[in-house]
Amino acid sequence: MNDRILHEVDNALAVVAEQPASSIQRQTSTRPSFSSMSQAIVTLNVGPNESCFHVHRDLLMYYSPYFKAAFNSSFKEAQERPIPIPDVKVSTFNMFMDWIYTERLPRTKKEVDETGAVGGRELISSYTGLEFAELYIFADMYDVPVLRRQVMDRIFAASVLPKYAVVVLAFSRLPTSAPLCRFFVDVYCQRFRESDDDESERKQREKLPHEFLLGVMLRHAKIMGRLRAKEMLPSYKLNMCDYHEHETEEERQLCLSERQPK
Amino acid sequence: MLAGRGGRKIRPPRRGLHGDEIDFENTWGIIASAFREIHTKNASKLSYEELYRHAYRIVLKKKGEDLYRRVRNFEHDWLSNEVRGTIHALLTPGLLANSQSIGGTTANERRFAGERFMKGLKQAWQDHQVCMSMLADVLMYMDRVYCADHRRPSIYSAAMVLFRDDILRSDPSDHSDMDVLSILNHVILEQIRMERDGDVIDKHLIKDCIYMLEGLYDSEIEAEEQRLYVTSFEEDFLASSREFYMAESELMLRESDAGAYCRHARRRIFEEQDRCRSTLSETTTLKIEKVVEDELIKNRIHELIEMESGVRYMIDNDLLEELSLIYELNARVDNKKAELTRAIQKRVVEMGTDVNSAAIVASQAAQPLSEGPDKGKAPVEKNLNQQTIAAIKWVEDVLQLKDKFDKIWKVSFDSDQPLQTALTRSFADFINASSFPRSSEYISLFIDENMKKGIKGKTENEIDLVLEKAIILLRYVQDKDLFERYYKKHLCRRLLMNKSISNDVEKQMISRMKIELGNNFTMKLEAMFKDMTISEELTAGYKTHIAQLGDPDPKRIELAINVLTSMTWPLETMGSSGDNEEGKMLKCVFPSAIERIKKGFEKFYGEKHSGRTLTWLAAMGSADIKAVFPKVPQKDGTLKERRHELNVSTYGMVILLLFNDLPADEFITFEEIQARTNIPESDLVRNLQSLAVASKTRILIKDPMSKDIKPSDRFSFNEGFQGKFHRIKVGVVTSGNKVESDRERKETERKNDGSRGFCIEAAIVRIMKQRKELSHQQLVAETLNQLAPQFKPEVNMIKKRIESLIEREYLERIENAPIDSYRYLA
């Protein structure tokens, strides 16, 4: 890892840290406050071992149309509890629980080292790209757009090449059109160097999904074309908004202007 | 470091946790059977989480396309097999037949069948919506990922389209081309028709069906104007409403009166607004309003206004409420309210013309013998008096008319500005009508009458009201100069004959006219008042002067004098009736006593103002004479000498003084009197008529006794005169202000035209002095414009004045100009 990349990473992190959560999320309603929301607590049985989680129902419904439908509809879930969440790892759901009450993602060891330790010890532990990717997959399946956005921004800000295992996971559990998959393709095109792969990574190459490789190939061709046409510089940067689920151009412009450092 | 390369070793994801390979057919089977449960309302046993996960997996495994198609087919089959039949079963032959406009069933049967049909359809639609929103919840991931990536409509929208195609556009019977949708339209329209006819219908049920039509679109584009409500229903609704109201308006016009029609039309509009709110869609409100307005108002407003019970009837009977309805309706469809304005204007002019005609009839009926100027004087005088009454009646009638329309305007027309303008124009139209040239004179006479008698005993407020009335009418008068001429004449008489009740009120009137018509207009009138004041001072001054002379003559005659500036006062109208021009040249011969006083005053005046000539106007003065009549036996047998104080005109005095020196049994002939006094013949005739013919003031005896005065008549002193009062006023008939005879009026107009000539010339010169050069058209236009506040000159007259100015070298024609133009010559 060279210094330039590190520098970029720090800048990007700094920029993200400046954004208040409320301006990043574009949601029509406002987050329910404890003073106004229902005190109903639902029990969720997470993972194959059905670990119990208790959580405010209104928060779930606010963040996720999935949960909203589950609690509002006339299906079994409307009457019967607990609700099973079988496909999710407990550690991932722990992150979600932390997030749903704080709208904050856990910080990495590096961040803590640089800014000084605050918060519980769990936050400092070993969150890796894989765990963030799993959180993203959870947010995709259970449709938590605000969380998707924050995880995406965090991964983008880290601005490093994900390990092949993470790529494989993302492409197997997300639609190819998912912003995270597109980002992985783009970031590989931008900065992958043969020499980055060590032995174990090299062994993983054969598992790389077809869609990922195809994506890299097409993107590469496109970028080469634009470089030749001098439409862009070789030292181009990726745009965070390309991985946001903006519905309109105005939304995108607003997001761009909000992210401009003052 | 976040997920950096070369860090801790990461294991590849475990397989199996998510069941990578799935059996699509199996999974779909599970989903489809769950959907069937949902459609049969058995969802409470289903696990949302499981179904969602199944659909999620299918989409993740890139089978979204298959899933989407399967769901659509499932819904299509469901609607076609399970729902369509029940809807078609609700369509009784009656409904089908009826929708093809074939009768046969009773209204009640049709209505019942229609309601059942709508209820069934509404139920099917609501079930479909509920089920589809549950399906959409289950298929949320497919909507978000597959539909978004492949630009497919959400499964919910797709299912709505299916309902439209499989149910609404299905054909219930083989032999008709009516689909369910058009039958629904028809049923709704029929229900609305029932409601319009006064029935009570199930508004909620219809509203629910309307919601359905509003929720569905005609094509793939989900735009407002593509809603089935707009494309299928609304047009039919508007067309059938138009038909309905067209027929209704025809019937109403035939069978009810205009007031009822208005009320009905207004109610219909409210009803339709209400219907849009409660039964249909608010987006239709403006459109149906327009239909009702078109059919009930716009296309009928003319007929409505012209009805026997229309605007004319309403005006004549002061039906203010109905007039306000008409106004409201007309204003709805026409900002300018053209039809109402036209009808109102027409009626104003009609009624005004009636008032004018009545005045003309009154004046003509009263003047049957007045063809010859010399015969039948007395009846003419009497008739003139009646004419004055007619004039005052005319003013009162016009004011009454104005009050009437003012009230209508205020109460019924919401004080509408353009209507006020129209009313004013119509009033001006009939007041200035060429067939009725007397308005200026009549208005002036009205003021005259009030100044002399009318305001007696009235409070200040009441007087104000009278003055205001006069001003109101004056505003309408176009030829202000003609009015000024009459007003001066009438004012002149009032002042000289001391007929005004209050000088203050006179001055108030002047200041009102000043406000209304400007300084120019009242300048000369004010000068007249000034002359009167100066004359009072002169009279007093002369009295003191005489007293200082120390000539205490007990028989001295007292003199009150009015010195009038000749340019200010309309003296020519003060003379005789103007039929003998030579009469004016003659100077009346005064008796010596009078002549002495006259001389004395001339000397006195000459000392004060050198260089001024005094002309004595004997025709305008009056004199108080103390007369002694011989003793005659009284009722109680005693003899008593009678003393009377006679108030006569100056001419009368001159005539009577002739008899002072005459022995009682002698007489003087008419010709002798004329020769000795030099009084103009017509004045002499009038004065002798009052002194010798009028029964109450017969101070002279005429021989032979007849009404007419002939040159050969002889006059002698009436010793046996008997008067009831000590003071006797001998009125000379011409001394009052009366309506002019036709001949007099022509004379006045002629004079007026003369002075107009000067005004026009003055205006032309003013304009040209400023502009130097001007085209003919422009000059005429500017002249008309400048003179508008005074009068409206005829263009021909302006042309003549221009010619005259060119002759006198004020102007010249510009040679070779492309259009006629003039240049000012300094």
Side-chain angles (χ1 to χ4, degrees), chain A residues 1 9 48 65-66 68-80 83-87 89 108-111 126-134 140-143 154-155 157-166 168-169 172-178 196-198 200-201 204 207 245, chain B residues 1-21 34-35 37-38 41-64 130-131 133-151:
Chain A
M1 167 144 321
V9 170
Y66 170 87
K68 196 171 179 180
F71 296 128
N72 269 346
S73 70
S74 29
F75 290 103
K76 195 167 75 177
E77 281 80 356
Q79 281 88 37
E80 278 181 35
I83 290 175
I85 311 283
D87 280 0
K89 280 201 243 167
T108 60
K109 191 167 187 313
K110 181 168 181 294
E111 286 162 28
S126 57
Y127 285 108
T128 62
L130 187 68
E131 279 155 314
F132 276 115
E134 279 178 333
D140 177 66
M141 178 176 178
Y142 290 94
D143 198 7
R154 176 63 71 90
I155 294 173
S159 194
V160 290
L161 286 176
K163 289 215 159 197
Y164 289 142
V166 179
V168 170
L169 176 69
S172 70
R173 291 295 311 275
L174 291 170
T176 320
S177 59
D196 288 344
D197 279 359
D198 60 14
S200 68
E201 281 293 286
Q204 298 276 351
K207 289 178 185 156
E245 298 164 38
Chain B
M1 171 90 54
L2 187 81
R5 300 190 62 85
R8 204 163 46 88
K9 189 174 174 184
I10 293 174
R11 280 178 299 142
R14 280 175 295 152
R15 301 221 165 215
L17 175 62
H18 308 297
D20 257 17
E21 301 310 319
F35 285 0
E37 297 290 323
I38 290 174
K41 302 179 184 174
N42 281 324
S44 59
K45 291 193 183 67
L46 299 172
S47 163
Y48 173 66
E49 191 273 335
E50 255 174 55
L51 290 170
Y52 181 90
R53 195 144 37 86
H54 285 309
Y56 166 76
R57 282 190 188 165
I58 290 176
V59 175
L60 211 55
K61 292 305 150 199
K62 304 193 171 29
K63 299 265 198 261
V130 169
C131 292
S133 73
M134 290 175 78
L135 259 61
D137 281 348
V138 169
L139 300 169
M140 197 184 286
Y141 196 80
M142 178 181 82
D143 271 344
R144 184 163 68 80
V145 174
Y146 167 76
C147 294
D149 286 354
H150 295 81
R151 298 178 194 278

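Numbers restart at 1 for each chain; the letters A, B, ... are given by sequence-line order, proteins then strands.
With a threshold of 4.5 angstrom between heavy atoms, A/D140 approaches chain B through its backbone and through its side chain. If you measure heavy-atom distances from B/L60 to chain A, the contacts under 4.5 Å come from the side chain alone. For B/M140, the part sitting under 4.5 Å from any heavy atom of chain A is the side chain, from C-beta outward, and nothing else. For B/V138, the part lying under 4.5 angstrom from a heavy atom of chain A is the side chain only.
Taking B/K41, B/E37, B/R53 one by one and counting their heavy-atom pairs under 4.5 Å with chain A, the maximum is reached by B/R53.
How far CZ of B/R57 is from CE of A/M141: 7.0 Å, rounded to the nearest 0.5 Å. Note that the OG atom of A/S74 and the NZ atom of B/K45 stand 12.5 Å from one another [nearest 0.5 Å]. The line from OH of B/Y48 to CG of A/N72 is 10.0 Å long, rounded to the nearest 0.5 Å.
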task = With side chain to side chain donor-acceptor pair (under 3.5 Å) as the test, would you mind laying out the steps for B/D137 and A/S73 before giving the verdict?
result = CA-CA 8 Å; B/D137 281 348; A/S73 70; 5.3 Å; no
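Residues B/S47 and A/E77 share a closest heavy-atom pair of OG-OE2, 3.0 Å.
For an aromatic pair to be called close, the ring centres must be under 6.0 Å apart, and A/Y66 with B/Y141 fails this.
Although no hydrogens or angles enter the test, the distance criterion places no donor-acceptor pair under 3.5 Å between the side chain of B/E49 and the main chain of A/I83.
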